[in-house]
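Remarks on the structure that follows.
Each chain gets a letter, A, B and so on, in the order the sequences are listed, and its residues count up from 1. Keep in mind that what you see is a predicted model, and the values were worked out from it rather than measured.
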Amino acid sequence: MSDRPSVVTRFAPSPTGDLHIGGARTALFNWLYARHTGGTFLLRVEDTDRERSTPAAVEAIFRGLDWLGLKSDAEPVFQYKQADRHRAAVQQLLDKGRAYRCWMSVEELDIERTKARAEGRAIRSVWREHDAPANDKPFVVRFKGPLKGETVVDDLVKGPVRFQNKELDDLVLLRSDGAPTYNLAVVVDDHDMGVTHVIRGDDHLNNAARQTLIYQALEFAVPAFAHIPLIHGPDGAKLSKRHGAQAVGEFADMGYLPEAMRNYLARLGWGHGDDEIFSDAQAVEWFDVADVVKAPARLDWAKLNHINNHYLRLADDHRLALLVAKALEQKGESLAADGLTRLEAAIPLVKEGAKTVPELADLIAFTLKVRPLALDEKTQNLLTDETRERMQRLTEHLSAAPIWAPTEIEGQLKDFAAQEGVGMGKFGPALRGILSGGSPAPDLASTLAALGREESLGRLHDALFKATKTL
RNA sequence: GGUCCCUUCGUCUAUCGGUUAGGACACUAGAUUUUCAAUCUAGGAAGAGGGGUUCGACUCCCCUAGGGACUACCA
């Protein structure tokens with residue numbers, strides 16, 4: 001492999017909005033392939049469209065990539081800054097006779113377009129063969145594509161794709177204001193950046209043929225192309241807002257972990273045998289663009305949830321406590337002074353059941369409640385006089401417990417049940433209700449242990465002696 | 001309309017001419033049970049349709065159907 005130039009990939013988003021998960025996956029595949037081959041992963045911001053590009057979008061994209069952990073191996077390149085270089089390339093093409101000035105007006109173009117469409121051919125400019133005498137009217141520079149022959153894009157995922165050159169129109173290289181267009185800029189920049197593998201969305205497959213022609217005209221080596229399918233919504237239609245979320249920032253806000261996102265996205269449109277859950281290192285070791293699936297994949301929330309649950313289980317409790325705290329904050333709920341400590345103590349008990357961070361927050365709500373707890377109706381109904389008395393005996397029994405830890409408490413509860421000559425069902429539900437205030441909670445012994453002796457006994461005391469009877 | 005791409009369980013996928021077409025998610029049933037989960041066990045579920053090629057096609061070729069992209073002085 002050392003006799004071959006090393007692989008250079010790049011992610012080249014246009015900063016016209018948030019980083020969508022489709023783009024995120026494209027970035028991930030580029031990153032994985034670079035890491036797999038020991039190559040370089042670059043980032044380029046395609047901001048040649050001055051109207052639609054915004055600094056806010058640049059920020060959002062950088063933030064998204066950062067969150068996902070996809071670091072570029074070099075400072076990002078801003079395409080617009082290379083405009084002079086692009087113009088020089090166009091001049092070269094003009095000098096070689098591979099490009100021409102075109103004075104067609106928008107109206108003339110419209111007419112030609114409808115005509116060409118009706119005739120089932122690519123549009124052609126009348127200026128392709130004749131230059132105009134010197135004048136000061138605005139013009140664009142178009143690429144002068146060959147009229148015969150075919151161009152083959154040897155795509156790494158699709159295989160060889162053949163295009164008849166006559167079907168390819170003469171695309172605009174320089175706008176009438178002298179600004180370079182995307183199709184010219186990508187070619188020049190990818191060449192200048194030494195990109196060897198262009199891994200990008202399926203929607204560029206058609207462009208690849210025309211870009212290939214430009215590479216050849218400029219006498220640049222044509223890079224390898226890999227056009228990966230787009231991600232669709234659960235219904236198979238193009239992913240949009242109504243499918244729940246598009247931007248990676250939204251996934252972050254919804255409580256998905258970046259490592260879960262990487263695993264899920266990698267698995268969407270690519271596979272390695274039966275492996276479903278794998279580490280970044282394994283993904284890097286196994287990934288190859290050639291193995292990317294050809295068909296578009298649908299976003300499946302259930303599976304994403306499942307994978308996120310897996311990584312939630314693996315995640316450090318302190319990290320999760322901070323995430324839950326942040327989620328609560330965003331919901332406008334403030335934490336008590338010891339809130340973080342309480343969270344961290346209870347998280348290991350509930351994280352197996354959570355699919356997202358907000359779910360974790362729900363499952364853990366019981367520990368954050370402040371005394372005296374309001375008892376839900378169900379629990380109130382459970383507190384008959386008989387149960388009330390039993391609960392008082394239980395409180396005394398627990399007060400006497402020498403050690404306040406899960407296994408010991410479990411033992412205490414069993415002893416108590418035996419002592420009373422009843423099953424757990426006789427007092428378990430009531431105890432649960434009193435401790436949790438109706439919120440879901442883990443098994444009783446763990447709940448008691450997480451709450452601590454003082455808080456547990458306090459909640460029992462409140463329920464038995466303070467709570468107003470509303471019967 | 002034209003050009004190009006795509007098509008295996010509901011979903012993501014494995015298979016790279018010979019398999020009872022495998023796995024995962026989801027779903028269903030059962031077990032467990034002090035809530036919600038989690039967990040365990042079992043189960044149903046697929047090669048778009050039609051032609052070829054071949055001893056043999058999910059796999060190769062063609063046609064049809066369906067889906068998608070492009071067809072901008074957007075990227």
TODO: Sequence neighbours left out, what pairs pass salt bridge (charged side-chain N to carboxylate O under 4.0 Å, His left out) with at least one residue falling in residues 282-307 of chain A?
DONE: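 The answer is A:Glu276-A:Lys303.
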[N] versus [M] - spacing of their [atom1] atoms, nearest Å:
N: B:C74; M: B:A38; atom1: C1'; result: 49 Å
N: B:G10; M: B:G44; atom1: C1'; result: 12 Å
N: B:A72; M: B:G67; atom1: P; result: 23 Å
N: B:G43; M: B:U59; atom1: C1'; result: 29 Å
N: B:U28; M: B:U71; atom1: C1'; result: 48 Å

Strand contacts (RNA chain B) in [range], 4.0 angstrom heavy-atom criterion:
range: residues 306-314 of chain A; answer: A:His306, A:Arg313
range: residues 158-165 of chain A; answer: A:Lys158, A:Val161, A:Arg162, A:Phe163
range: residues 79-86 of chain A; answer: none
range: residues 354-365 of chain A; answer: A:Lys355
range: residues 409-420 of chain A; answer: none

Any donor-acceptor N/O pair, [X] side chain to [Y] backbone, under 3.5 Å:
X: A:Gln79; Y: A:Arg44; value: no
X: A:Lys351; Y: A:Ala315; value: yes
X: A:Asp170; Y: A:Arg128; value: no

Residue [X], side-chain atoms from C-beta onward, closest of [options]:
X: A:Glu352; options: B:A38, B:U34, B:A69; answer: B:A38
X: A:Glu167; options: B:C5, B:G2, B:U34; answer: B:G2
X: A:Leu205; options: B:A75, B:U35, B:C5; answer: B:C5

Side-chain atoms of residues 408-418 of chain A: list all donor-acceptor pairs with protein atoms under 3.5 Å, sequence neighbours left out, distances to 0.1 Å.
from, atom 1, to, atom 2, distance (Å)
A:Glu410, OE2, A:Lys414, NZ, 3.3
A:Gln412, OE1, A:His397, NE2, 3.0

Could you go over nucleotides 71-73 of chain B and give all protein N or O partners under 3.5 Å, atom names and distances?
from, atom 1, to, atom 2, distance (Å)
B:A72, OP2, A:Arg113, NH1, 3.1
B:C73, O2, A:Ser176, N, 2.9
B:C73, O2, A:Ser176, OG, 3.0
B:C73, N3, A:Ser176, OG, 2.9

Task: Residues in side-chain contact (heavy atoms from CB on, under 4.5 Å) contact with A:Val172, at least two apart in sequence or another chain - done: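 A:Val172 satisfies side-chain contact (heavy atoms from CB on, under 4.5 Å) with A:Val140, A:Arg142, A:Thr181 once adjacent residues are dropped.
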Provide a list of protein-nucleic acid N or O atom pairs under 3.5 angstrom, restricted to nucleotides 42-47 of chain B.
none

- [ ] Show your reasoning for whether ring-ring contact (aromatic ring centres under 6.0 Å, His included) applies to A:His306 and A:Tyr311.
- [x] CA-CA 9 Å; A:His306 176 257; A:Tyr311 285 97; over 10 Å; no
Could you state the [atom1]-[atom2] distance from [X] to [N], rounded to the nearest angstrom?
X: A:Asp49; N: B:C74; atom1: CG; atom2: P; answer: 6 Å
X: A:Ile434; N: B:U34; atom1: CD1; atom2: C1'; answer: 13 Å
X: A:Asp235; N: B:G10; atom1: CG; atom2: P; answer: 16 Å

Open item on the list: Within the 4.0 Å heavy-atom criterion, would you say A:Thr48 contacts the bases, only the backbone, or no part of the nucleic acid?
Closed with: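 Sugar-phosphate, no base atom in range.
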- [ ] Using a 4.0 Å heavy-atom cut-off across all strands, classify A:His227 as base, sugar-phosphate, or nothing.
- [x]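 The answer is nothing, as A:His227 stays clear of every strand by at least 4.0 Å.
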Show the distances under 3.5 angstrom between N or O atoms of the protein and N or O atoms of nucleotides 12-15 of chain B.
from, atom 1, to, atom 2, distance (Å)
B:C12, OP1, A:Arg298, N, 3.1
B:C12, O2', A:Arg267, O, 3.1
B:C12, O2, A:Lys303, NZ, 3.4
B:U13, OP1, A:Gly269, N, 2.5
B:U13, O2', A:Arg267, NH2, 3.1

- [ ] Output all residues satisfying side-chain hydrogen bond (donor to acceptor under 3.5 Å, both in side chains) with A:Glu167, sequence neighbours left out; order by chain, then residue number.
- [x]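 For A:Glu167, no residue satisfies side-chain hydrogen bond (donor to acceptor under 3.5 Å, both in side chains) once neighbours in sequence are set aside.
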